[in-house]
Number of protein chains: 2
Amino acid sequence: MVSATWHEQRHCVDKGTGVTKGLDKKATIRDVARVSGVSVGTVSRSLNAPDTVKPDTLGKVRAAIQSLGFTPDFRAQNMRRRNTMTVGFVIDDIANPWHASCFKAVDAEMREKGFSLYLVSTNGRASEEAAAIDMLQHGRADGVIMTLNNEQDARTIKRLKELKIPGVLLDRDIPLDIDAVLTEHATGLRQATNYLIELGHRRIAIITAGSDIRPGRERVRGFVEAFERAGLPVPRDLIRSQSLSADYGFREATTLLQMPERPTAIIAAGNRILVGVLRAMQQQGVSVPNDISLIACDRSDVAMLYPGPITLIDRPVEDIGRTAAQLLLERLDGKGDRAVQRIAFPTHLIMGGSCLPVRK
Amino acid sequence: MVSATWHEQRHCVDKGTGVTKGLDKKATIRDVARVSGVSVGTVSRSLNAPDTVKPDTLGKVRAAIQSLGFTPDFRAQNMRRRNTMTVGFVIDDIANPWHASCFKAVDAEMREKGFSLYLVSTNGRASEEAAAIDMLQHGRADGVIMTLNNEQDARTIKRLKELKIPGVLLDRDIPLDIDAVLTEHATGLRQATNYLIELGHRRIAIITAGSDIRPGRERVRGFVEAFERAGLPVPRDLIRSQSLSADYGFREATTLLQMPERPTAIIAAGNRILVGVLRAMQQQGVSVPNDISLIACDRSDVAMLYPGPITLIDRPVEDIGRTAAQLLLERLDGKGDRAVQRIAFPTHLIMGGSCLPVRK
DNA sequence: GATAATTATGGAAACGTTTCAATTTCATCT
DNA sequence: AGATGAAATTGAAACGTTTCCATAATTATC
């Protein structure tokens, strides 16, 4: 470890104004008023509604602002305006590339309107989630976009019921009057499963989230439907739906691969699950697509690269993020209370090279 | 697209207090004072310094707080205390898994102390970076942790010189009195390069950032040093140092692979660069490690999985993030101004299966 | 039981904005 | 020129806390 010090002077902003202030305290709107010889109210209006102040006066005020290097204090604005121009983005893990992309989309949309984003990464702990919502709604944020860990957690539900600020749910479904942006997972899974069935697969496994969150329920539903519509028995023993984590993916893939009559295809329905599944396959020396077919969910570096692009169920992250931001902005602009909206986006199958017809 | 509406009533919090207020406005400290029959000051102290108030009084106050469902308003606290309990985390792209991990480490450390984090993803645009610093320092955050896009950008430098809040640089080196947490990239690259040299490689390429940021400079330095120490000529034509992007990695890898006397090993020194390099290799049908050896930088899903684990130069993200947070916290606690610190963390080589001795 | 020392409380003044009613200024119309 | 109304400005009151200083209540000391 190296530690060093520069002996530069911290540069002290020269206000460059006739009015010399002893301290280098930040200039306030009052200082601007004094220097420009107008009232505080006028300075405020010069800032917030320049068209309501005489050009002449405006000039003086701007000059004073310039010379004092004045910038309004956000804290005071927040206090007085009773807002924060800040929005919370609550997820379980920002290291999940899908969440990261979604954040970027939301951020782009919101920042353009002058909002900043709090990022809260809850690590899947319901207590942190509840704490985050609490802190956000008590004057830290004007709105919140959330991907909850669990749709049944009592603490979280309670907070959502009494939520004091507008909120948007991402990929979660709770019977409360909260806007939501969803994905048509069921359709996606049905298509993907059907594709495998048409390739001759019957022993198809699915690994995905539990029924405590919508993606888990819907994906399993779509999976089951595909078999039913094809008039085939559903391979119930190959449905593993409990968690989205990489570890879960690894564990379940490992046991699946060790089954006496092992699956000929696996649907790794979840970003992190895929990572676990691939690790398990490597460990057991099973290769895609020769030994087994594989379908993933959502684009990611791994999905696009491993050993070649994996066939996957894609969905429009940017659209989803942008839509969530827009729903929130509508509420924040406060133009009349519109009805609660739930918008669902379709998925589509992107063909990679990870599926082969089942060997006869 | 589906859109639906629930017609539930938004549940209105029942204050459950004797003092009925017409509106459901949020209770203030004043209400608490009134209900509990003490002064506003006492309520405040009950909250912030409970040991200075008589247990008896404390009881009454707590009861009132409970019955009113009072929570202090952050905006007012920020205004009065002149802080925000918020810290900015500025990076170019949160979808870069290294940044995401680093964020998590910082977040864990800061949240424990009661701070929240603003995440600003600048998309590599210097103007957004400058704007972010501006907004953060004018009352939106108490401190800032940054990984700048460029160490020479005039706008950014100017702001850093006059920075009003404590800051910590991550992996960037600017001669100003700002704390910094660095990585010993040069040593890491020297070791990695040397490892390849010992395997018999001579035509070794490196793709990494430009000399406008420290990692670029240091990595190239280490690379060059390895050859010099081995008494070998430096393959200047194989040094590509201009950007950390995946696209750059792809472009440079593509041209490198098409050289008449193509390199026998590539060091993809950057998270995103690796993704581009692998894409190029796939496209050209070049396989690792048989056709070419490969070394990466930093753990990532891709690096750990592609077709097997890639040999890589690792560094302790958690430690780095935690240290950055701690440096910032020291300044925020305001316990005396200590000298500027620059702490550098060592790297180490993790052996994967992506390097083979050069073919005779 | 009186006085001094200590500890708790009350009241009011901040903090830096925005906003609103009241006032002043200015241009226009008769 | 005086009346009228519109436009621009002022001054003060919020917003909900914290943090003083002064006072009141309690405890300790003799």
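Every heavy atom of this structure was used, including side-chain atoms; hydrogens, water molecules and symmetry mates were not. Per chain, numbering begins at 1; letters A, B, ... match sequence-line order.
Using cut-offs of 30° and 60° on the angle between ring planes, the pair B/Tyr118 and A/Tyr118 is parallel.
Regarding B/Arg34, its CZ atom lies at a distance of 20 Å from the P atom of C/dT9, rounded to whole Å. Between A/Asp56 atom CG and C/dT25 atom C1' there is a gap of 13 Å when expressed in whole angstrom units. Atom pair A/Ile29:CD1 and D/dG11:C1' shows a separation of 14 Å (rounding to whole Å applied). Rounded to a whole Å, the NE2 atom of B/His138 is 15 Å from the C1' atom of C/dG16. Note: CG (A/Asp73) to P (C/dT18) measures 10 Å, nearest angstrom. Per the geometry, CG belonging to A/Asn78 stands 13 Å off C1' belonging to D/dG16, to the nearest Å. As rounded to whole Å, 15 Å separates atom P of D/dG16 from atom CG of B/Leu47. Rounded to an integer number of Å, the gap from B/Arg82 CZ to D/dT19 C1' is 13 Å.
When the side-chain nitrogen and oxygen atoms of A/Arg80 are compared with OP1 and OP2 of C/dC15, none of them lie within a distance under 4.0 Å. Between B/Gln77 and the phosphate of D/dT18, there is a side-chain N or O to OP1/OP2 separation shorter than 4.0 Å. Contact check, A/Ser39 against D/dT10: a side-chain N or O comes under 4.0 Å of OP1 or OP2. The side chain of B/Thr42 contributes an N or O atom lying less than 4.0 Å from OP1 or OP2 of C/dG10. For B/Arg81, a side-chain nitrogen or oxygen approaches OP1 or OP2 of D/dT18 to under 4.0 Å.
Ion pairing between B/Arg34 and B/Asp31 holds under the 4.0 Å rule for side-chain N and carboxylate O. Using a 4.0 Å cut-off between a side-chain N of Lys or Arg and a carboxylate O of Asp or Glu, A/Asp73 and B/Arg82 qualify as a salt bridge. For B/Arg338 and B/Asp179, the salt-bridge test passes: some basic side-chain N is under 4.0 Å from an acidic carboxylate O. Checked for salt-bridge contact, B/Asp319 and B/Arg322 meet the test: a charged N lies under 4.0 Å from a carboxylate O.
Residue A/Arg30 is in base contact, counting any heavy-atom pair closer than 4.0 Å across all strands shown. Residue B/Phe74 is classed as having no contact, given no heavy-atom separation below 4.0 Å to the nucleic acid. Contact annotation for B/Val38: backbone-only contact, meaning every heavy-atom pair under 4.0 Å involves sugar-phosphate atoms and none involves a base. Residue B/Asn48 is classed as a sugar-phosphate contact, given heavy-atom separations below 4.0 Å to backbone atoms only. Within 4.0 Å (heavy atoms only), B/Arg75 reaches no atom of the nucleic acid at all.
Sequence order on DNA chain C of the closest nucleotides to A/Arg45 and B/Ala76 puts B/Ala76 first from the 5' end. Looking at which nucleotide of DNA chain C each of A/Lys54 and B/Val53 is closest to, the 5′-most match is held by B/Val53.
Looking at the side chain of B/Val40, the nearest of the listed nucleotides C/dT17, D/dT18, C/dT9 is D/dT18. For A/Ser44, the side-chain atoms get nearest to C/dT18 when compared with the rest of D/dT18, C/dG16, C/dT18. When the nucleotides D/dG16, C/dT17, D/dT18 are ranked by their closest atom to the side chain of B/Met79, D/dG16 comes out on top.
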